[in-house]
Amino acid sequence: MGLRLWSTLSRQLEELSPQDGVVRMYVCGPTVYDRFHIGNARPFIVFDALRRYLEARGLKVIYVQNITDIEDKIINRAQEEGVSPQEIAARYTEEYFHDLQLLGVKPPTHSPKATQYVEKMVEFVAKLVEKGLAYEAGGDVYFSVARFPGYGKLSGKVLEELEAGARIAVDERKRDPLDFVLWKAAKPGEPKWPSPWGEGRPGWHTECVVMSTDILGLPLDIHAGGSDLVFPHHENEIAQAESLYGEPFSKIWLHNGLLTVRGERMGKSLGNFRYAREVVTEFGTEPVRYFYLSRAYRKPLDFSESGLEEAKRALQGVYDFLWEAEALPEEGEVPAEVADQLTELEEKFHARMEEDFDTAGAIGVLHELVSLGHRLGQEGAGGSPQRAVAALVRKLAEPLGLFQEARPQVKGRIEDLISLLIELRATLREQKNFQLADRIRDRLAELGVELRDTPQGTRWSLRADE
RNA sequence: GGCGGCGUAGCCAAGUGGCAAGGCGAGGGACUGCAAAUCCCUUAUUCCCCGGUUCGAAUCCGGGCGCCGCCUCCA
């Protein structure tokens, strides 16, 4: 397969070329100081879908997503609540896995924690110091940006202009305002680890480099995250990794667009966020996934309830076909002409997916398949062709985590009761007692049981609960 | 100010050189006792504007206008 992805680094489509069929993929994970919000969920869902698509195409994917369990925000939160940072981190790590599951995300192959890697980070920083790429100052260690000629290549920034525009209050311990911290000296009461520069803790940009290379080796095939991480986070990762190892850190850099609310970026600090858990609970797993995957992953996406509602309706339309088709008996052959159409649409689906992971275009193809299925039903093609269409939709959508739900079932006795009401209604209709017949239909609809009168008799289906 | 990106129907949205996917919604028709669902038709002669290149441009180039993100922790 030839999957091409837009790399932020090269600013062009890059062929994914894994060695031995193994894709080494790293996605920036959460800082566990709170539950993540629905905007944070975008990369989790999008890159989960990418990973699963690659797996569906026969590749092995080693998917690593870090957990930052030592960081300022965790310490602050711990102080606010009067508990230990470890307790905060443990709590929200658990919540993170819980919410990932709610989003229908397959657990990462590896979920390394920063605190498990402190020793290796110390070794890494020591090597940078040894090579003269970093320096110690007052118990802190800084990376010397001037020592890495490629600095700015990911974000397209130019060193001189960055310095000119530096808004940060210059820390006098830094030799250059752009230098960033690799190791922070411990303040009283903070978690700390021993190091050649005294007790302290690792700085923010180091963990991803150390953990990803430790687990995946160099270079990574894909390094991914939100577009807000391009600078400085990923730029700084490249600087550390490449200046030390002297080879490319990651072949492809992927960045998802941010979630906005009425055009403004969703952020914890802006207060315009909603927790992912809250949104999934309200709208459901698949509507949330559909909402994200029906938009190009690189573009900004505006969050709205109406957008989620629309996703829900679109999804229901597909299920109306799937559930109906799957209830049909296997009968008749799949005509060669239909088989050809299915092959053609399947190829179209993959063509969209392979061109920069165009899930939105690919979902459009799935809707085309559903239309084809309906048309076959209309033409009286018999059960088998429609079932074949439904099966293909299910298969193609599986890596997206869409259209996988089974028809809601009711227990045997309730099913018998519904059948009884339908029988009764049929009699009433024969007797032209439409008022009562309609009342049965309306009341059942209110209870979530929809009746449809077809030439083959009355069919019923259950609406999924809100 | 610098860097990155976006602007396609009423709304959401794919498409980056060869007749403008798809979803939601709206209107008309078929079907129905009436509905619902479904099917058929209609809803962008045109892709923010102005120039240019080309046999041909939403797609490439130049110039505007508007919006967003990053430049500070942030998915």
Shortest non-hydrogen contact between A/A114 and A/I70, atoms and distance: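 Scanning both residues, the minimum pair turns out to be CB-CG2, 4.0 Å.
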Between A/F47 and A/M25 the two heavy atoms that sit nearest each other are O-CE, 3.7 Å
Mutual orientation of the aromatic rings belonging to A/H350 and A/Y53 [parallel < 30°, tilted 30-60°, perpendicular > 60°]: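 Ring orientation of A/H350 relative to A/Y53: tilted.
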Counting only heavy atoms from other residues, nucleotides and ligands, does the tally under 6.0 Å from CD of A/E337 exceed 12?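 For A/E337, atom CD is not crowded (no more than 12 foreign heavy atoms under 6.0 Å).
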Just the rounded figure in Å: distance from P of B/C34 to NZ of A/K432.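 Roughly 10 Å, once rounded to whole Å.
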Under a 4.0 Å heavy-atom cut-off, which of residues 105-113 of chain A touch RNA chain B?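 The stretch gives none, as no residue of it lies under 4.0 Å from the strand.
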Contacts to RNA chain B from residues 369-379 of chain A, heavy-atom cutoff under 4.0 Å, which residues? A/H374, A/R375, A/Q378
With both distances under 3.5 Å as the test, what is the Watson-Crick or G-U wobble partner of B/C3?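 Check on B/C3: paired to B/G69, both distances under 3.5 Å.
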Have a look at [X] and say if it touches a base, only the backbone sugar-phosphate, or nothing, with a 4.0 Å heavy-atom cut-off.
X	result
A/G225	sugar-phosphate
A/R313	sugar-phosphate
A/D438	base
A/R77	nothing

For A/R4, which of A/E354, A/E355, A/E14 qualifies under salt bridge (charged side-chain N to carboxylate O under 4.0 Å, His left out)? A/E355
The side chain of [X] is closest to which nucleotide in this list: [options]?
X	options	result
A/A314	B/A21, B/C70, B/G23	B/G23
A/K157	B/C70, B/A35, B/A75	B/C70
A/H367	B/G69, B/G5, B/G23	B/G23
A/W204	B/C74, B/A21, B/G33	B/C74
A/Y290	B/G23, B/A36, B/A75	B/G23

Taking N or O atoms only and anything under 3.5 Å, show me the protein contacts with nucleotides 27-29 of chain B, one pair per line.
none

Step through it carefully: locate the ring centre of A/F44, locate the ring centre of A/F36, and say whether they are under 6.0 Å apart.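 Yes - the distance between ring centres of A/F44 and A/F36 falls below the 6.0 Å cut-off.
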Is the distance between the ring centroids of A/Y319 and A/F321 less than 6.0 Å?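 Not under 6.0 Å, so no.
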Return whichever of A/S155 or A/T260 has its heavy-atom-nearest nucleotide of RNA chain B closer to the 5' end.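 The residue whose closest nucleotide sits nearer the 5' end is A/S155.
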More 5' along RNA chain B: A/Y33 or A/K348, using each one's nearest nucleotide?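 The answer here is A/K348.
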Test side chain to side chain donor-acceptor pair (under 3.5 Å) applied to A/T115 - qualifying residues, sequence neighbours left out: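 If we apply the side chain to side chain donor-acceptor pair (under 3.5 Å) test to A/T115, skipping adjacent residues, the hits are A/D69.
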A/R91: which residues meet the side chain to side chain donor-acceptor pair (under 3.5 Å) condition with it, sequence neighbours left out?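 Side chain to side chain donor-acceptor pair (under 3.5 Å) check on A/R91 returns A/E81.
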Would you measure the distance from the C1' atom in B/G4 across to the matching atom in B/U42 and give it in whole Å?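 Rounded to whole Å, the distance is 41 Å.
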Would you tabulate the nitrogen or oxygen pairs shorter than 3.5 Å linking the protein to nucleotides 12-14 of chain B?
unit_1, atom_1, unit_2, atom_2, d
B/A13, OP1, A/R295, NE, 2.8
B/A13, OP1, A/R295, NH2, 2.5
B/A14, OP1, A/A296, N, 2.9
B/A14, OP2, A/K299, NZ, 3.0
B/A14, O3', A/D358, OD1, 3.2
B/A14, O3', A/D358, OD2, 3.1
B/A14, O2', A/D358, OD2, 3.0

